[in-house]
Number of protein chains: 2
Amino acid sequence: MRTDTKMDRRSRDNARVTITDLSQALSLTKGTVSRALNGYPDISETTRVRVERAAQAMGYRPLSHAQAIKTGRSCSLGLVVELSEHDAHRPFLAEFLAGLTQAASKEGWTLTVATSENESDTLKIMRDLVQDHKADGFILPRVLWQDPRIAFLDREEIPFICYGRPKDHKEMSYFDVASETSMRDAVAWLAGLGHTRIAYIGSSTHYAYSHLRREGYLAGLLEAGIDAAPELISEGALSPDEAAQATRRLLALELPPTAILCATDTLARGVYEVANVLGLKIGSELSVIGYDGSPEAQAMWPRLASFAVDNRKAGAALGAMFIARIRDAGVPVTQDLITADFQPGGSTGRPSMTPDQLARHMVRLSAQELSDQI
Amino acid sequence: MRTDTKMDRRSRDNARVTITDLSQALSLTKGTVSRALNGYPDISETTRVRVERAAQAMGYRPLSHAQAIKTGRSCSLGLVVELSEHDAHRPFLAEFLAGLTQAASKEGWTLTVATSENESDTLKIMRDLVQDHKADGFILPRVLWQDPRIAFLDREEIPFICYGRPKDHKEMSYFDVASETSMRDAVAWLAGLGHTRIAYIGSSTHYAYSHLRREGYLAGLLEAGIDAAPELISEGALSPDEAAQATRRLLALELPPTAILCATDTLARGVYEVANVLGLKIGSELSVIGYDGSPEAQAMWPRLASFAVDNRKAGAALGAMFIARIRDAGVPVTQDLITADFQPGGSTGRPSMTPDQLARHMVRLSAQELSDQI
DNA sequence: AGAAACTCCGAAACCGGTTTCGGCAATGGA
DNA sequence: TCCATTGCCGAAACCGGTTTCGGAGTTTCT
């Protein structure tokens with residue numbers, strides 16, 4: 001019986017080596033070993049390395065919960081993803097998680113994931129996770145321009161780091177992909193192809209990136225020496241359908257755009273839909289550029305020119321930055337920016353018509369669409 | 001100073017109520033309270049309800065780590081997602097996580113997520129997570145036909161539950177979407193439209209679902225009274241590009257298919273690509289059906305007919321099943337199946353040509369493609 | 001040389017729980 | 001009425017760590 005119990009124990013914990021085992025092997029007390037491993041100043045250098053060597057050799061890994069109960073730190077980063085309808089199946093998540101967990105496991109940390117249905121739910125979940133010591137802080141994905149999570153976490157003094165740059169990000173820790181430069185580059189690319197009427201379809205201005213991308217678009221126009229035309233700017237589209245409506249509005253203008261720049265690939269789907277329905281040739285009669293580099297972009301025909309975001313890299317960076325901040329508690333803000341890679345596609349080309357030729361063409365196509373419907 | 005420290009403590013733990021607080025309020029010992037809450041038989045019914053009432057009233061929530069250190073259970077389900085290249089940006093993950101975390105939080109559990117690069121890495125990570133009491137068991141997504149994870153977890157006696165049905169699933173706990181019936185329905189749909197040459201492009205036979213979907217396809221043919229033609233079955237495609245190759249092979253047959261059934265939406269992208277390059281009209285000259293109901297399917301033009309899988313529901317079911325199994329340790333296997341919803345799209349229609357007309361059409365298109373290239 | 005200061009480690013309390021053990025009071029049977 | 005159960009709870013050990021406190025031994029200073 002006793003052997004059985006012992007086997008049971010061993011199989012369950014697989015001979016995990018505890019700090020007591022370690023201390024006995026070294027003829028030291030638990031306390032001393034603990035202090036040695038945690039860098040207390042009252043341990044001699046010689047015993048410290050002795051302890052560290054033995055820990056290494058015996059494969060000692062402290063049990064993070066056991067530590068947590070005294071220290072309050074569970075060594076796990078929290079991620080609460082909010083599932084608003086139009087955002088639900090964002091493919092970015094998988095890669096982002098990969099990056100996060102990679103950074104986490106490299107430091108012996110864990111990633112705790114939760115989801116929420118709405119904003120207040122998110123705040124409640126975050127508070128609970130921290131109170132239950134299930135997360136030491138949070139990564140905030142898809143930051144809003146004025147994000148209630150930030151105010152909340154600041155108030156509760158819970159550590160966090162943003163993926164994105166909200167309105168007041170000067171004093172904040174963040175990591176972001178500089179989509180504004182991508183938008184600027186996209187305008188430059190289109191202008192280089194000969195486009196002069198370049199429209200912009202942006203997404204909800206609640207998102208922080210919306211503001212940056214619009215700025216990038218405007219900066220690109222400025223650089224190209226093109227005057228910004230208010231009627232060519234459409235913001236607030238949340239879905240392909242809304243982007244499709246915006247596209248119809250744009251194409252019905254007296255001087256329609258020959259190129260449309262979309263803040264996301266998903267919005268570009270709406271542009272394609274309208275073009276396909278009307279029989280407008282994408283890549284020649286209408287150029288389109290998206291942003292995200294998502295699989296959707298590759299599923300479109302012709303392939304959508306877009307900017308590929310390395311979400312795995314982003315996750316890895318955010319994870320590493322966060323852990324570093326918690327570790328060395330004094331670390332001030334850390335900020336970092338990367339840029340997305342342009343992925344050309346068949347969706348851009350020299351404009352085959354001038355804007356007013358396109359306007360006349362549109363009249364013809366619309367008439368045909370109308371007669372088709374009847 | 002003392003006030004400061006106290007404030008600090010309170011702000012960090014926000015007045016968390018411990019079992020000691022509770023026991024003092026009740027004039028009982030910690031031990032008694034603990035046993036009352038955990039349903040030990042040596043506690044009188046009256047004190048049990050008294051304790052439970054007080055716990056409720058004072059908002060007592062046991063600290064799961066503190067429990068874990070003695071019991072070994074951390075009340076968290078583990079999910080290790082393996083990031084093979086072609087599988088990386090699966091959009092299913094977000095919804096799946098939503099379901100899992102929803103089920104978990106309902107029971108006060110947590111979801112711990114890790115990622116791995118390859119198979120042996122996965123096993124190592126799973127073992128570490130269990131040894132470190134960071135996961136009580138695992139949900140296995142995208143189960144393989146012969147899955148090394150299953151053998152491993154069985155051997156290590158670590159609890160798990162499959163999303164999918166592997167080769168020997170009779171004795172196993174699983175949840176799955178019955179994609180085989182969807183494939184059968186797809187064939188029926190196509191046959192109903194008048195198709196007689198219906199091809200199938202399957203993905204890697206390593207995946208468990210591959211076998212089931214092929215069986216479903218064959219069952220559908222049988223029901224429709226169509227003889228299965230080996231040359232119309234292509235398996236092992238991992239990417240749109242490989243599906244594109246398969247499509248070219250199929251279309252070059254003496255009697256090409258007028259409809260192609262794909263095991264996944266992603267594979268259908270390859271079919272579209274070839275059709276677009278050749279100028280073959282999808283929906284009339286060639287019908288296509290996919291599976292998954294992913295955003296990709298909606299980005300294609302015409303919209304890809306597909307089967308929408310409710311991954312959130314799947315996650316919720318898996319989470320609930322798993323927790324129930326751990327809780328009532330004796331529970332035998334639990335198994336459940338749901339079916340996907342057919343989403344019609346413009347990608348199917350009555351065949352505008354017979355197979356041999358299509359063959360002649362193909363010769364013309366291929367010649368044109370060749371001359372276009374030169 | 002003696003006192004003061006400093007180094008370094010052991011002893012023990014503690015964190016928030018769980019679980020074993022033993023004993024007191026009430027009950028039941030003879 | 002007395003003894004053996006049984007029901008119910010307190011006491012205390014335990015889990016795997018961290019942290020405080022104090023003291024023994026060594027160094028430094030005068």
Side-chain angles (χ1 to χ4, degrees), chain A residues 2 5 8-10 12-51 54-55 58-75 108 131-134, chain B residues 2 5 8-10 12-51 54-55 58-75 108 131-134:
Chain A
R2 274 190 57 187
T5 312
D8 228 32
R9 178 61 184 282
R10 281 197 55 159
R12 235 199 326 178
D13 281 357
N14 220 5
R16 159 173 278 284
V17 23
T18 75
I19 199 171
T20 309
D21 298 337
L22 190 54
S23 67
Q24 282 173 356
L26 288 164
S27 301
L28 292 171
T29 54
K30 290 198 305 180
T32 306
V33 172
S34 173
R35 277 171 308 179
L37 290 170
N38 290 330
Y40 274 63
D42 63 345
I43 301 290
S44 75
E45 194 55 27
T46 55
T47 58
R48 165 169 302 125
V49 302
R50 197 162 74 93
V51 171
M58 297 178 63
Y60 169 69
R61 282 180 315 199
L63 206 51
S64 64
H65 325 73
Q67 306 189 103
I69 143 179
K70 192 86 216 274
T71 64
R73 281 200 205 150
S74 59
C75 293
Q131 279 191 3
D132 293 353
H133 298 285
K134 284 172 178 166
Chain B
R2 276 190 54 189
T5 312
D8 228 31
R9 177 60 183 282
R10 282 197 54 162
R12 235 196 329 176
D13 280 356
N14 222 5
R16 161 174 276 286
V17 22
T18 75
I19 200 173
T20 309
D21 298 338
L22 189 54
S23 67
Q24 283 174 356
L26 287 164
S27 302
L28 293 172
T29 54
K30 290 198 305 179
T32 305
V33 173
S34 172
R35 279 172 314 195
L37 258 23
N38 290 330
Y40 274 63
D42 62 345
I43 302 290
S44 74
E45 193 56 27
T46 55
T47 58
R48 164 170 302 124
V49 303
R50 197 164 74 94
V51 170
M58 297 177 63
Y60 169 69
R61 283 180 313 199
L63 207 51
S64 63
H65 318 78
Q67 305 189 106
I69 141 180
K70 192 90 216 273
T71 63
R73 280 200 205 150
S74 59
C75 293
Q131 280 191 2
D132 292 354
H133 299 285
K134 284 172 178 167

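By convention in this document, chain letters (A, B, ...) are assigned in the order of the sequence lines, proteins followed by strands, and residues within each chain are numbered from 1. This structure is a prediction, so every number in the text was calculated from the model and none was measured.
A straight line from CD of Gln24(A) to C1' of dG16(D) spans 13 Å, rounded to a whole angstrom. Computed from coordinates, the His65(A) NE2 to dG16(D) C1' distance equals 11 Å when rounded to whole Å. Between Asp132(A) atom CG and dG17(C) atom P there is a gap of 10 Å when expressed in whole angstrom units. In this structure, CG of Leu28(B) is placed 14 Å from P of dC8(D), rounded to the nearest angstrom. Distance Ile19(A) CD1 to dA12(C) P: 18 Å, rounded to the nearest Å. We find that CD of Glu45(A) is positioned 9 Å from P of dC8(C), with the value rounded to whole Å. In this structure, CD1 of Ile43(B) is placed 10 Å from C1' of dG7(D), rounded to the nearest angstrom. Rounded to whole angstrom, the span from the CG atom of Leu37(B) across to the P atom of dG17(C) amounts to 10 Å.
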For residues 34-43 of chain B, run the donor-acceptor check on the side chains, cut-off 3.5 Å, and write out each pair with its distance to 0.1 Å, sequence neighbours left out.
{"from": "Arg35(B)", "atom 1": "NE", "to": "Gly31(B)", "atom 2": "O", "distance (Å)": "3.4"}
{"from": "Arg35(B)", "atom 1": "NH2", "to": "Thr32(B)", "atom 2": "OG1", "distance (Å)": "3.2"}
{"from": "Asn38(B)", "atom 1": "ND2", "to": "Ser34(B)", "atom 2": "O", "distance (Å)": "3.3"}

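Each end of the helix from dA1(C)-dT30(D) to dA30(C)-dT1(D) gets its own rotation axis from five pairs of C1' atoms, and the angle between them is 50° to the nearest 10 degrees.
At the phosphate of dG17(C), neither OP1 nor OP2 sits under 4.0 Å from any side-chain N or O atom of Gln67(B). At the phosphate of dG17(D), OP1 or OP2 sits under 4.0 Å from a side-chain N or O atom of Tyr60(A). Considering only side-chain N and O atoms, Ser44(B) lies under 4.0 angstrom from the phosphate OP1 or OP2 of dC9(D).
Judged as a side chain to side chain contact (heavy atoms under 4.5 Å, CB included), and not counting sequence neighbours, the contacts of Lys30(B) are Ile19(B), Thr20(B), Ser23(B). Take Thr46(A) and apply the side-chain hydrogen bond (donor to acceptor under 3.5 Å, both in side chains) test, not counting sequence neighbours, and it matches Ser44(A). In this structure, Arg50(A) has no salt bridge (charged side-chain N to carboxylate O under 4.0 Å, His left out) partners at least two apart in sequence or on a different chain.
Within the nucleic acid shown, Ser27(B) comes within 4.0 Å of sugar-phosphate atoms alone, with no base atom in reach, counting heavy atoms only. Base contact: Ile69(B) has a heavy atom under 4.0 Å from a base atom. When heavy atoms are screened at a 4.0 angstrom cut-off, Leu63(A) is found touching the sugar-phosphate backbone but no base atom.
Ser74(B) and Lys134(B) get closest at one heavy-atom pair: OG-C, 3.8 Å. Contact record, Val17(B) with Gly59(B): CG1-O, 3.5 Å, taken as the closest heavy-atom pair.
A salt bridge is defined here as a Lys NZ or Arg NE, NH1 or NH2 lying under 4.0 Å from an Asp or Glu carboxylate O, and Asp132(B) with Arg16(A) meets this definition.
Rounding to the nearest 0.5 angstrom, the gap separating the NE2 atom in His133(B) from the OG atom in Ser64(A) is 9.5 Å.
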Between protein and nucleic acid, restricted to nucleotides 19-22 of chain C and to nitrogen or oxygen atoms under 3.5 Å apart, what atom pairs and distances do you find?
{"from": "dT19(C)", "atom 1": "OP2", "to": "Tyr40(B)", "atom 2": "OH", "distance (Å)": "2.6"}
{"from": "dT19(C)", "atom 1": "O5'", "to": "Tyr40(B)", "atom 2": "OH", "distance (Å)": "3.3"}
{"from": "dT20(C)", "atom 1": "O4", "to": "Arg35(B)", "atom 2": "NH1", "distance (Å)": "2.9"}

